[in-house]
Amino acid sequence: MGKPSQRAEQEELRARMRAVGMAHDEIAVEFARRYRLRPRAAYRAAHGWTQQQAAGHINTHGARVGLDPDGAASMSAPWLSELENWPLPARRRLTPQILAVLAAVYGTDVHNLLDLDDREHLAAEDTLVITRMRRSAPPPPPVPAGLEVVPAAQGFLTNGIVGLPGSSVLLAMGLRQQNRYGGTRAAPGGAGARLVDAVGGLAPRLDEAPAGLVERMVTMAARESADFSRAADRGQVGPLTVEQFHEDLAWLATRYPHRPVAPSFAEIAELRNHAFSLLEDRQRPDRARDLYAIAGVLCGMLANASFDLGYLPAATTQARTAFLCGELAGHNGLRCWVRGMQSLIAYWQGSLPEAVRLAREGWEFVPEHGTARVRAAALEARAAGRLGDEATAQDALRRAEQARAQVTSEDEPGGMLAFPDSKQFFYTASAYLGLHGTAETLTADSWAARAEQAARTAIGLYETAPAGEQRLGELSLARLDLAAAHLERSELDGAAQTIRTVLDTATRRPTDSVLRRLRQLATVTDRPQYRDLIPAQRLREDILDTCATAARTTAGDARTDAE
């Protein structure tokens, strides 16, 4: 039997997600990630509509609400295709009015229909209008038979985090007669009757809820309570708001290395927008500094996520804003970390002297706590190694060890912003690989041997971390450094075995740096000593096939449906 069509595959995936109570917003995020869809196309696909079908729904809505009662400006599939692919060359521009219509038809928020490319190409007047449009809660998701929904009090509890349903009071339990807040009656029998809230008089049996429902219910409830705290604390920001921001930062930073990048990006951006909106109000100087530091960390996280998604110019912009926030907050740790991020971007852009300079600038900021200075020195060593500057690389590695010994407290918020020992060994391996064949103090084989030893140490540390805390992208890069060391020592079998371990991970959680490194190794296997070897040819083909497949899931345009 042949492979099912993409449309059939999407239908099956949509049915599975709906069966566990996931809303259109959640489905759209998953479709965007999995099928490389722009936001507007992802929301259409989340409803299971072709462009022609969606155009029909849009026209029906326009006639019903009086926007186009005579059908004089009806939507068409080609026009919708232009709107989905904007800002690619198109005859019509994307406007706030069109976005409002699409949001109404797709049952979501205008802001969820825009991505970075859209934001960067919107006219200034359109950006002003869209920015001021209220962010409303998405509609509550449908739930399996027997499970009841109690909507939140109108206009009181909202959830602005993309990817989470709009009301936490999806209790997954039968409740009493409809109350004045819009609650619904319990369904007789079934899961709803068994999962009655403790307030209703029976002990909850949440272990019987559908898979994933309890986690979403608890997460949504916490998120809405946090939103209410911010609303109550708005105007002059108080300690509760700052404390909640730090809790949210820690949660996002800790989860980031272990989940797909796109959903994290959306959630980080939403929290950053909360911080920006509060900074628009006049705040006490001490609270303003807190908010600038929080906004700076979030922009730094967005820089990292943009980098992982392969959008290096966007990552540069985010990092620039993050550094400005660090300056306004007077926060050395943030300034040090962001200069490191800028060095990382320059390194992967091939601007190695710039990468060394930025990392050294980061080193000059002595952080209040944590490992940002260790990271800056390690980044400097790696870039200097690629330049063949042995003296600078060795000095930077020594300073990284020195900074590690001086760390007295953990990173805040930690997670993706921390620089663990495993990553330091991985960067050390990269520095030695750069010196291989360029530095004169040791033979080439000696540098490759040092790189192999450091890479193996890094891999061991990554692999022994708890399963839920392993950094898959960094583990993959450390393995690829080990493979590179094997190749430099003409050990093709060892390299092939290590690379194939990475290929499966690259398809499940692709990041731009892993794909770039794989392509570099594909080039190595095309060197004269490997070119005519069948195992090397097969390895090169496997690498390029995996990179092509992974790239299709992370970026690209959504063109007109192939109907």
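Model, not experiment: these values are computed from the prediction. Index from 1, following the sequence.
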Side chains of [X] and [Y], heavy atoms from C-beta outward: is any pair under 4.5 Å?
X    : Y    : result
R471 : Y256 : no
F276 : C299 : yes
I98  : W79  : yes
L83  : M75  : yes
Q283 : D290 : no
D248 : Q244 : yes
Q342 : V338 : yes
W337 : V297 : no

Do R40 and E84 meet the salt-bridge criterion of a basic N to acidic O distance under 4.0 Å?
no

With a 4.0 Å cut-off on N to O distance, would you call R516 and D512 a salt bridge?
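Yes, R516 and D512 are salt-bridged.
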
Heavy-atom donor-acceptor pair, [X] side chain to [Y] backbone, under 3.5 Å:
X    : Y    : result
D411 : P413 : no
H61  : H57  : no
R18  : M22  : yes
N59  : A55  : yes
E120 : D117 : no

Over all atoms of both residues, closest heavy-atom pair of [X] and [Y]:
X    : Y    : answer
L249 : L298 : CD2-CD2, 3.3 Å
A295 : L279 : CB-CD1, 4.2 Å
I27  : M17  : CA-CE, 3.6 Å
A303 : A319 : CB-N, 3.8 Å
C547 : L515 : SG-O, 3.8 Å
A28  : A46  : N-CB, 3.9 Å

When rounded to the nearest 0.5 angstrom, what distance separates [atom1] in [X] from [atom2] in [Y]?
X    : Y    : atom1 : atom2 : value
I58  : L80  : CD1   : CG    : 5.0 Å
F307 : Q349 : CZ    : CD    : 9.0 Å
L477 : L472 : CG    : CG    : 11.0 Å
L328 : F323 : CG    : CZ    : 10.5 Å
S476 : R517 : OG    : CZ    : 12.5 Å
N304 : M416 : CG    : CE    : 3.5 Å

If we count only N and O atoms by modelled type, under 3.5 Å, do the side chains of [X] and [Y] hold a donor and an acceptor together?
X    : Y   : answer
H24  : R14 : no
Y35  : Q10 : no
T108 : Y43 : yes
Y106 : D25 : no

Might you work through the side chain to side chain contact (heavy atoms under 4.5 Å, CB included) test for L94 and L114, ending with a clear yes or no?
CA-CA 10 Å; L94 194 65; L114 297 169; 3.9 Å; yes

Steps toward side chain to side chain contact (heavy atoms under 4.5 Å, CB included) verdict (F245, H274)
CA-CA 9 Å; F245 267 119; H274 277 301; 3.8 Å; yes

Under the side chain to side chain contact (heavy atoms under 4.5 Å, CB included) criterion, do R38 and D118 qualify, and how do the steps go?
CA-CA 10 Å; R38 299 289 300 286; D118 297 323; 2.8 Å; yes

Going by the rule salt bridge (charged side-chain N to carboxylate O under 4.0 Å, His left out), which residues pair with R272 if we only count those two or more places apart in sequence or in a different chain?
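Expected list: none.
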
Atom CD of residue position E247 - does it have more than 12 heavy atoms of other residues, nucleotides or ligands inside 6.0 Å?
no

With side chain to side chain contact (heavy atoms under 4.5 Å, CB included) as the criterion, how do V129 and Q97 come out once you've worked through the C-alpha distance, each side chain's angles and the decisive distance to 0.1 Å?
CA-CA 10 Å; V129 172; Q97 293 83 359; over 6 Å; no

